[in-house]
Amino acid sequence: MHAPLDLLTQITEAPTLDAKYQLFAGFMEAEYGYLGVNYGLFLDTRSLHAIHNNHVSKRSGLPDEWREIYQRNNYALDDFGMRMGALAQQPILQSSFYRLLDEDELPQNFARVVDGVRNFVSCGVVLPLEGNGLKGIIGLFDPSGESAKHDARFKRDRPVIQALANHLHLSSDWSNEVIAQMGLSSLNLQVLRLKAQGLRVKEILYEIQRENPKTVDNHMQRVRKALGTRNDMETVHRAAKLGLLKEESLHAKDVSPRLYDALRF
């Protein structure tokens with residue numbers, strides 16, 4: 001059995017998102033030289049503001065210096081790679097961003113971020129993901145590789161890399177990270193789950209031992225803000241996709257047989 005097939009099984013059986021991510025990142029580094037691996041989930045893609053303010057992510061491999069520069073200069077809102085990863089349907093080579101920069105085709109706000117990362121990333125690719133109704137992104141970055149060689153290799157190995165990335169996305173449960181990174185409290189989640197059960201405001205107040213009717217809407221408003229939703233129905237729907245309505249974590253999905261075909265050499 002080829003190593004990519006082993007990895008599919010290992011990702012499926014890994015008990016947590018962090019464990020799945022570490023398996024994937026380790027394989028990408030060992031097999032393809034991607035030292036930097038970013039995996040993110042978009043909770044809302046209806047606007048540029050929502051893309052950058054309603055997402056959760058896991059990152060590894062790139063220097064702490066770049067993360068400090070990124071945060072200090074408030075690059076998040078002008079991260080062109082993240083924006084395109086949320087909106088595009090096909091992989092985007094890092095060399096494409098640099099070509100646009102060199103040809104002065106990027107607005108200044110986006111150009112400053114692309115120019116900044118160039119000091120830390122020589123080549124790589126951004127992979128848009130979608131599964132279970134949730135959009136995600138994986139950035140694979142090589143700090144010191146040659147762009148032309150990388151792009152040719154990615155073209156050759158794209159089916160394998162894409163299949164592995166898709167499987168990671170399909171089998172990952174982001175519920176704990178959404179709760180932690182978006183700052184949702186246990187009471188926020190309790191009100192959300194009671195709302196999802198169809199309880200009325202008075203019934204929810206009884207369950208949470210509160211009296212002010214505004215309390216329920218205040219908690220739901222906090223959840224709506226975190227998930228980037230507009231009303232309670234949309235909030236419950238998105239929360240269900242994210243696994244937030246369950247007390248326990250979601251189980252990893254079985255490996256789809258068709259993924260094996262893409263991984264056979």
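Hydrogens, waters and symmetry mates are skipped; everything else that's a heavy atom, side chains included, is used.
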Nearest heavy atoms of [X] and [Y], plus distance in Å:
X      : Y      : value
Ser171 : Ile11  : OG-CG2, 3.4 Å
Ile137 : Gly81  : CD1-O, 3.8 Å
Pro128 : Gly85  : CB-O, 3.5 Å
Leu227 : Arg238 : O-NH1, 2.7 Å
Ser147 : Ser95  : OG-CB, 3.3 Å
Ile208 : Val191 : CD1-CG2, 4.1 Å

Near [X] [atom1], under 6.0 Å, is it more than 12 heavy atoms from other residues, nucleotides or ligands?
X      : atom1 : answer
Glu211 : CD    : no
Arg67  : CZ    : yes
Asn212 : CG    : yes

Identified side chain to side chain contact (heavy atoms under 4.5 Å, CB included) partner of [X] from the options [options]:
X      : options                        : answer
Leu43  : Met182, Lys241, His55          : Met182
Phe42  : Met82, His52, Glu130           : Met82
Thr229 : Val236, Val223, Thr235, Asp44  : Thr235
Ile138 : Val126, Leu168, Asn166, Val125 : Leu168

Working to the nearest 0.5 angstrom, can you tell me the gap between [X] [atom1] and [Y] [atom2]?
X     : Y      : atom1 : atom2 : result
Met28 : Leu7   : CE    : CG    : 7.0 Å
Asn54 : His49  : CG    : NE2   : 7.0 Å
Leu41 : Leu242 : CG    : CG    : 6.0 Å
Asp79 : Leu48  : CG    : CG    : 10.0 Å

Decide yes or no on side chain to side chain contact (heavy atoms under 4.5 Å, CB included) for Leu17 and Tyr39, but give the supporting numbers first.
CA-CA 11 Å; Leu17 170 60; Tyr39 176 27; 3.9 Å; yes
Side chain to side chain contact (heavy atoms under 4.5 Å, CB included) assessment of Leu194 paired with Gln197:
CA-CA 5 Å; Leu194 292 170; Gln197 293 172 23; 4.1 Å; yes
Side chain to side chain contact (heavy atoms under 4.5 Å, CB included) evaluation trace for Leu35 with Leu62:
CA-CA 7 Å; Leu35 299 183; Leu62 293 183; over 6 Å; no
For the pair Arg72 and Glu68, evaluate salt bridge (Lys or Arg N to Asp or Glu O under 4.0 Å) and give the outcome as yes or no after the intermediate values.
CA-CA 6 Å; Arg72 184 172 66 249; Glu68 292 171 2; 5.1 Å; no
Determine whether the aromatic ring centres of residues Trp66 and Phe141 are separated by less than 6.0 angstrom.
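So the answer is no for these two rings.
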If the plane angle is over 60° it's perpendicular, under 30° parallel, otherwise tilted; pick one for Phe97 and Phe80.
perpendicular
May I ask you to decide if the ring planes of Tyr34 and Tyr32 are parallel, tilted or perpendicular, using 30° and 60° as cut-offs?
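The arrangement is tilted - the two ring planes meet at 30° to 60°.
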Quick check against the 3.5 Å criterion: does Asp115 have a side-chain atom that pairs as donor or acceptor with the backbone of Arg112?
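A pair under 3.5 Å: no.
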Are any of the side-chain heavy atoms of Pro4 and Phe27 separated by less than 4.5 Å?
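In contact.
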Between Asp232 and Arg224, is any pair of side-chain heavy atoms under 4.5 Å apart?
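Yes, their side chains come closer than 4.5 Å.
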Check the pair Asn218, Thr215 against side-chain hydrogen bond (donor to acceptor under 3.5 Å, both in side chains), reporting the backbone distance first and the verdict last.
CA-CA 5 Å; Asn218 288 340; Thr215 301; 5.4 Å; no
Pair Ser60, Tyr21: side-chain N/O donor-acceptor within cut-off below 3.5 Å:
yes
Can Arg153 and Glu146 be said to form a side chain to side chain contact (heavy atoms under 4.5 Å, CB included), step by step?
CA-CA 11 Å; Arg153 186 193 66 201; Glu146 295 183 25; over 6 Å; no
Starting from the C-alpha separation in whole Å, work towards a yes-or-no answer on salt bridge (Lys or Arg N to Asp or Glu O under 4.0 Å) for Asp217 and Arg222.
CA-CA 8 Å; Asp217 188 60; Arg222 177 68 190 89; over 6 Å; no
Could you go through Asp173 and Lys20, starting from their C-alpha distance and side-chain angles, then the distance that decides it, and tell me whether this counts as salt bridge (Lys or Arg N to Asp or Glu O under 4.0 Å)?
CA-CA 10 Å; Asp173 172 11; Lys20 296 174 190 291; over 6 Å; no
